[in-house]
Participant: 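Encoded as structure tokens, here's the structure I'll be asking about.
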Amino acid sequence: MVSTTKRLLTDELRREAVALWETSGRMQTEVAAELGIMPTMLRR
């Protein structure tokens with residue numbers, strides 16, 4: 001059985017991640033992989 005941990009992000013980190021995605025012109029999956037988060041975290 002594989003355990004997963006839920007990564008809690010601060011509001012500031014969330015805003016910065018979304019801003020990076022929006023301004024970089026890169027795909028959501030690329031930015032998420034670089035930050036070590038799931039792509040759905042950027043969409044929310």
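No hydrogens, no waters, no symmetry mates; every other heavy atom, side chains included, goes into these values. Index from 1, following the sequence.
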Participant: Among pairs that include at least one residue of residues 24-40, which meet salt bridge (charged side-chain N to carboxylate O under 4.0 Å, His left out), considering only residues two or more places apart or in two chains?
Facilitator: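 Sorted result for residues 24-40: Arg26-Glu34.
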Participant: Under 4.5 Å between side-chain heavy atoms, counting indirect links through other Ile/Leu/Val/Met/Phe/Trp/Tyr residues: same cluster for Val31 and Met27 or not?
Facilitator: no
Participant: Drop me the distance from Met41's CE to Gln28's CD, to the nearest 0.5 angstrom.
Facilitator: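 Those atoms lie 11.5 Å apart.
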Participant: When rounded to the nearest 0.5 angstrom, what is the spacing between CD in Glu16 and CG in Leu35?
Facilitator: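 With rounding to 0.5 Å, CD (Glu16) is 10.0 Å from CG (Leu35).
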Participant: What's the separation between atom CZ in Arg43 and atom CH2 in Trp21, rounded to the nearest 0.5 Å?
Facilitator: 7.5 Å
Participant: What is the distance from atom CG of Leu13 to atom CG of Leu20, rounded to the nearest 0.5 Å?
Facilitator: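 Separation between the atoms: 10.5 Å.
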Participant: Only counting residues at least two apart or in another chain, list the ones meeting side-chain contact (heavy atoms from CB on, under 4.5 Å) with Arg15.
Facilitator: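 Scan of Arg15 (side-chain contact (heavy atoms from CB on, under 4.5 Å), adjacent residues dropped) gives Asp11, Glu12.
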